[in-house]
Amino acid sequence: MAQTPSIPKGTRDFSPVEMVRRNYIFDHIKSVFNKYGYLPIETPAMENLSTLLGKYGEEGDKLLFKILNSGDFLAGVNDDELKEKKSAAIQSKISEKGLRYDLTVPFARFVVQHRNDLVFPFKRYQIQPVWRADKPQKGRYREFYQCDVDVIGSPSLLNEVELIKIIDEVFGLLKMNVVIKLNNRKILAGIAETVGAADKMIDITVAIDKLDKIGIDKVVVELKEKGLSDEAIEKLKPILFLKGESAEKLCKLRTILEGSETGIKGISEIKTVYDFINGLNLKTKVELDLTLARGLNYYTGAIFEVKALDAEIGSVCGGGRYDDLTGIFGMPDVSGVGVSFGADRIYDVLLQLNAFPTETLNTTKILFVNFGDKEAAYCLNLLEKIRAAGINAELYPDAAKMKKQMGYADSRKIPFVAMIGENEMNENKISLKNMVTGEQKPVDLTTLLSILQME
RNA sequence: GUGGAUGUAGCUCAGUCGGUUAGAGCAUCAGAUUGUGGUUCUGAGGGUCGGCGGUUCGAGCCCGCUCUUCCACCCCA
């Protein structure tokens with residue numbers, strides 16, 4: 001063999017076993033989405049770059065995969081630009097399409113484009129791969145699936161509550177222990193306002209997000225670097241060290257943020273959500289986490305993040321409310337909220353915890369041994385009847401040696417093998433072998449069907 | 001984007017101080033067994049030692065560059 005072929009960095013092949021497991025995740029997620037009245041959509045893998053650029057911040061733009069224009073892509077580039085290797089200037093001329101980076105922005109585009117055909121509030125789900133030109137590492141891929149649920153066109157906090165319920169139900173079905181972390185961008189804005197650095201909200205949230213990891217001293221250093229005054233930092237400190245249960249924290253926070261209208265609004269939003277979910281029978285803990293920031297800057301209200309409790313991995317689900325995502329596409333004042341399940345990370349967690357059900361790969365119930373053309377033709381008739389009864393069955397395609405055909409059944413873990421040679425054909429019988437017990441006996445078709453259906 | 005590690009058969013990995021023809025287990029294929037799998041025994045195939053260049057009489061081993069994979073940071077699902 002020449003060189004073994006390979007696939008691009010950060011991408012993966014999925015074997016049949018892996019696909020069975022992935023479908024196990026997708027099927028459960030879909031069933032919950034459907035149950036709450038969400039409808040499926042799909043959008044193309046590639047979007048116009050104008051749709052994608054500028055929506056994910058500067059970092060995000062760098063992580064977009066760009067698609068080279070077809071045909072003579074250098075035609076519009078002038079010699080000077082080429083000679084000076086001005087990548088940025090040339091890029092916009094040679095590439096006008098890119099692979100989608102998430103499902104939310106394409107969804108916003110979809111909503112604006114089809115607004116006249118949609119009924120609002122529009123509840124949709126979308127399960128498709130997305131691509132990021134990130135450096136791959138543990139739990140991070142360049143091609144991965146997101147499972148998005150969003151409701152757009154309704155400002156009601158009942159939607160937040162519904163999403164929390166959906167998260168609770170999905171992870172309940174998958175038997176995964178998780179904690180839902182909840183925060184609100186308005187509170188973060190209120191904090192920034194209160195300490196007198198309203199314009200530094202993002203910097204403040206990113207820094208306090210690291211509090212657990214790097215400790216207060218380094219956070220202070222980082223905030224100073226970002227240009228926050230000592231005075232502001234002193235005001236911020238008591239907020240960072242708020243202790244207690246979520247309700248208690250909220251109460252204290254309300255006093256601190258008194259002067260900020262936005263902050264108070266954020267608190268009352270969170271409180272409303274809590275009041276609703278307290279009446280529900282949630283298995284998952286919903287924790288108020290003031291350090292939860294989330295990078296995407298289009299969030300304006302609630303933000304969610306779900307962490308697996310029994311595995312060291314980043315978040316397995318995240319999302320939030322965005323008040324004006326469609327505004328950038330010319331449709332202002334439409335509020336939406338949604339979350340995204342990271343199927344690949346959920347997969348990694350379940351695998352690590354050995355939490356996949358076992359009997360998932362027995363796709364074929366019975367294999368017919370091939371003894372030659374005459375016998376095979378006879379088997380084909382039987383197969384038709386067996387399959388009509390809803391049983392997965394196959395005939396070995398070649399009249400290979402018995403050892404080979406039995407070995408095939410064995411390694412495919414097919415539980416039954418049917419052997420029909422000249423004798424069986426004459427007697428109108430099927431020699432049925434149970435591959436688990438090794439037991440073998442001649443049966444007629446009716447008996448065979450009832451044995452297979454019992455399993 | 002920054003820093004660290006890694007790469008030998010399809011897979012997991014040995015390979016001494018730089019020294020003859022690079023090994024093992026698993027997997028694959030064939031035979032023992034022409035209508036019976038798993039277990040066993042015998043045999044076979046399979047290598048650009050990640051790639052390119054350098055040092056050397058001689059490189060899987062030393063040096064440089066590059067790519068891959070993994071880990072940390074940044075960020076993120």
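Order of the sequence lines sets the chain letters (A, B, ...), proteins ahead of strands, with each chain counted from 1.
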Distance (rounded to the nearest 0.5 Å) between A:I430 CD1 and A:I366 CD1: 7.0 Å

B:rC71 versus B:rC63 - spacing of their P atoms, nearest Å: 26 Å

Atom-pair distance (OH on A:Y408; C1' on B:rG38), nearest Å: 17 Å

Complementary nucleotide of B:rA30, counting Watson-Crick and G-U pairs under 3.5 Å: B:rU42

N or O in side chain of A:K401 less than 4.0 angstrom from B:rG31 OP1/OP2: yes

C1' gap between B:rG3 and B:rC74, integer Å: 12 Å

Atom-to-atom span, CD1 of A:I346 to P of B:rA77 - whole angstrom: 13 Å

Sugar-phosphate only, base, or nothing, as touched by A:G421 at under 4.0 Å among non-hydrogen atoms: base

Side chains of A:S335 and A:D323, donor plus acceptor under 3.5 Å: yes

Any donor-acceptor N/O pair under 3.5 Å between B:rG37 base and A:Q440 side chain: no

Base of B:rU36 paired with side chain of A:Q405 (donor-acceptor, under 3.5 Å): no

Touch class at under 4.0 angstrom, heavy-atom based, for A:G60 against every strand present: nothing

Candidate nucleotides B:rC29, B:rG35, B:rG37, ranked by approach to the side chain of A:K404 - the nearest: B:rC29

Pairwise P distance for B:rU16 and B:rU8, with rounding to whole Å: 16 Å

Side-chain N,O (A:Q137) to OP1/OP2 (B:rA72) below 4.0 Å: yes

Pairing nucleotide - B:rC13, Watson-Crick or G-U, each distance under 3.5 Å: B:rG23

Touch class at under 4.0 angstrom, heavy-atom based, for A:V316 against every strand present: sugar-phosphate

B:rC11 versus B:rU28 - spacing of their C1' atoms, nearest Å: 12 Å

Touch class at under 4.0 angstrom, heavy-atom based, for A:G372 against every strand present: nothing

Touch class at under 4.0 angstrom, heavy-atom based, for A:E375 against every strand present: nothing

Face-to-face contact A:F144 to B:rA77 six-ring, under 5.5 Å, under 30°: yes

Pair A:Q126-A:D150, side-chain contact (heavy atoms from CB on, under 4.5 Å): steps then yes or no: CA-CA 9 Å; A:Q126 186 172 356; A:D150 289 78; over 6 Å; no

Side-chain-base donor-acceptor pair under 3.5 Å for A:K433 and B:rU36: yes

base_contact_polar (B:rG1 base, A:K135 side chain, donor-acceptor, <3.5 Å): no

Nearest-angstrom distance from the residue atom OH of A:Y396 to P of B:rG35: 15 Å

Listed nucleotide nearest any side-chain atom of A:R140, set B:rG35, B:rC75, B:rU2: B:rC75

Pairwise P distance for B:rG50 and B:rA14, with rounding to whole Å: 13 Å

Whether A:F171 and A:F341 hold their rings parallel, tilted or perpendicular, with breakpoints at 30° and 60°: tilted

Sugar-phosphate, base or nothing in reach of A:Y145, heavy atoms under 4.0 Å: nothing

A:F371, A:Y408, A:F368 screened by ring pair (Phe, Tyr, Trp, His ring centres under 6.0 Å) with A:Y396, the one that passes: A:Y408

Sugar-phosphate, base or nothing in reach of A:K9, heavy atoms under 4.0 Å: sugar-phosphate

Between B:rA24 and B:rC65 - P atom distance, rounded Å: 36 Å

Pairwise C1' distance for B:rU69 and B:rC26, with rounding to whole Å: 22 Å

Side-chain-base donor-acceptor pair under 3.5 Å for A:D410 and B:rG38: no

Expected output: side-chain A:R132 to main-chain A:Y141 donor-acceptor under 3.5 Å: no

Which residue lies more 5' along RNA chain B, comparing A:Y141 with A:I7 via nearest heavy atoms: A:I7

Under 3.5 Å side-chain donor-acceptor pair for A:T447 and A:D444: yes

Pairwise P distance for B:rA9 and B:rG46, with rounding to whole Å: 15 Å

